[in-house]
Number of protein chains: 2
Amino acid sequence: MSKIKETSTNFANKQALADECPEVYAANIIGGQWSIVICSWLINGKLRFGELKKLIPNITERMLTLQLRKLEENKIIKRTVYAEVPPRVEYELTEIGYDLKPIIKMLENWGEKHKALR
Amino acid sequence: MSKIKETSTNFANKQALADECPEVYAANIIGGQWSIVICSWLINGKLRFGELKKLIPNITERMLTLQLRKLEENKIIKRTVYAEVPPRVEYELTEIGYDLKPIIKMLENWGEKHKALR
DNA sequence: GACATTACTTACATTTTTTATAGTACCCTA
DNA sequence: TAGGGTACTATAAAAAATGTAAGTAATGTC
């Protein structure tokens with residue numbers, strides 16, 4: 001992830017596409033190695049950073065942080081920090097984040113079906 | 001795109017995730033800069049290589065080829081070559097490819113809604 | 001004072017994806 | 001014989017995404 005170069009062709013292409021195709025726009029937001037897994041865990045309720053980390057074994061802390069930030073920026077999740085020590089931070093889906101539920105469900109069904117025909 | 005290194009951590013992670021989450025498996029298949037656009041054009045019927053190229057202005061021929069190959073490998077589209085000169089090649093969605101229609105439609109709606117709240 | 005806990009951050013390396021540019025084969029037409 | 005149309009391929013380079021490894025802050029407990 002890191003910074004994205006706003007002068008690159010890639011950036012321009014993504015912009016242009018997202019502008020005229022809402023489905024591509026959507027895909028840009030929830031695309032990314034770990035976004036969908038995170039969301040599908042959060043569908044069942046709020047979770048702490050460490051809980052997510054345990055639920056998604058192979059993710060590194062860096063990647064988890066980055067994806068959570070991106071999701072937060074895009075208003076898919078809400079982040080709540082409790083002023084405690086050691087720190088406690090909870091993540092939960094926003095309303096529009098929660099709207100992803102049926103989409104994720106459909107992807108799941110489609111995935112199952114697709115797997116079956118290999 | 002090109003080759004993927006089967007010894008990388010990234011490869012292993014993708015595999016593991018796709019194995020247990022059909023929604024991630026699905027996302028891996030239709031993820032990629034241009035896949036969804038291509039599919040959403042093909043939903044309306046078969047198209048030739050050159051037609052797709054015209055419909056998707058910024059895509060390079062290389063990218064179009066790569067994405068079409070990937071979609072073909074994953075049995076989302078079917079490729080038909082006519083032995084003519086100049087060559088004619090037609091692409092169309094397979095049955096399971098066509099099953100993506102409602103998903104793309106939902107992504108579209110979700111995208112619209114998400115755009116609205118910015 | 002050393003240590004544990006939690007949710008990060010930072011610097012850097014590697015891998016993957018995307019773009020740029022220039023070809024190719026084939027036959028038909030002028 | 002030259003040029004045009006179609007659907008590509010080859011190679012290199014740029015950009016983006018992901019991974020590795022180490023460190024930080026704050027405070028309560030031993």
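Everything numeric in this text was worked out from a predicted model, so none of it was measured. Side-chain atoms are counted along with the backbone in the values below, which use heavy atoms only and exclude waters and symmetry mates. The sequence lines fix the lettering, A, B, ..., with proteins before strands; numbering per chain opens at 1.
In this structure, A:Lys5 atom NZ and D:dA14 atom C1' are separated by 8 Å, rounded to whole Å. For the pair A:Trp34 CH2 and D:dA16 C1', the computed distance is 17 Å after rounding to whole Å. With rounding to whole Å, A:Leu66 atom CG is found 12 Å from D:dA16 atom C1'. Counting to the nearest Å, the C1' atom of D:dT9 and the CG atom of B:Leu64 are 14 Å from each other. Taking atom CZ on A:Phe11 and atom P on D:dA17, their separation rounds to 11 Å, with Å as the unit. Put simply, CZ on B:Arg88 is 18 Å from P on D:dG5, counting in whole angstrom units. A straight line from CD1 of B:Ile59 to C1' of D:dA7 spans 14 Å, rounded to a whole angstrom. Rounding to whole angstrom units, OH of residue B:Tyr82 and C1' of C:dC26 are separated by 19 Å.
Nearest-nucleotide mapping onto DNA chain D: of A:Thr7 and B:Thr65, the residue sitting toward the 5' end is B:Thr65. Nearer to the 5' terminus of DNA chain C, by closest-nucleotide assignment, is the contact made by A:Tyr91 (compared with the other of A:Tyr91 and A:Lys14). Place A:Leu68 and A:Asn13 on DNA chain C by their nearest nucleotides, and A:Leu68 ends up nearer the 5' end.
Annotation: salt bridge (Lys or Arg N to Asp or Glu O under 4.0 Å) contacts involving residues 8-35 of chain A, sequence neighbours excluded, are absent.
Taking each heavy atom of A:Ile30 and A:Ser35 in turn, the nearest pair found is O-CB, 3.3 Å.
Out of D:dA16, D:dA7, D:dT18, the shortest distance to the side chain of A:Gln67 is found at D:dT18.
Using a 4.0 Å cut-off between charged nitrogen and carboxylate oxygen, A:Glu90 and A:Arg88 count as a salt-bridge pair.
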Chi angles and distances behind the salt bridge (charged side-chain N to carboxylate O under 4.0 Å, His left out) call for B:Glu72, B:Lys70
CA-CA 5 Å; B:Glu72 195 193 353; B:Lys70 185 182 166 197; over 6 Å; no
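The side-chain tip of A:Lys115 points at the ring of B:Tyr25 from less than 6.0 angstrom away and within 45° of straight on.
In this structure, the side chains of A:Val89 and A:Tyr82 stay at 4.5 Å or more apart for every pair of heavy atoms.
Taking 4.0 angstrom as the limit, A:Ser8 places none of its side-chain polar atoms (N or O) nearer than this to OP1 or OP2 of C:dT18. Look at A:Arg79 and you won't find any side-chain N or O under 4.0 angstrom from OP1 or OP2 of C:dA7. The side chain of A:Asn10 contributes an N or O atom lying less than 4.0 Å from OP1 or OP2 of C:dT19.
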Under 3.5 Å, side-chain donor or acceptor atoms of residues 41-58 of chain A against the rest of the protein: list the pairs with distances, not counting sequence neighbours.
| from | atom 1 | to | atom 2 | distance (Å) |
| --- | --- | --- | --- | --- |
| A:Arg48 | NH2 | A:Pro87 | O | 3.4 |
| A:Glu51 | OE1 | A:Arg48 | N | 2.7 |
| A:Lys53 | NZ | A:Glu61 | OE2 | 2.6 |

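Against DNA chain D, the stretch residues 40-53 of chain B makes heavy-atom approaches under 4.0 Å through B:Arg48, B:Phe49, B:Gly50.
A:Lys78 pairs by the side chain to side chain contact (heavy atoms under 4.5 Å, CB included) definition with A:Thr80, A:Glu92, A:Thr94, not counting sequence neighbours. Scored by the side chain to side chain contact (heavy atoms under 4.5 Å, CB included) test, A:Ala26 finds B:Leu107, B:Trp110 as partners (sequence neighbours excluded).
Residue A:Tyr98 is grouped with residue B:Leu117 when hydrophobic side chains (ILVMFWY) are merged at heavy-atom distances under 4.5 angstrom, including chains of intermediate members.
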Would you mind building the protein contact string for nucleotides 20-30 of chain D? One character per nucleotide, 5' to 3', B for base within reach (heavy atoms under 4.0 Å), S for sugar-phosphate only, - for untouched.
B-----BB---
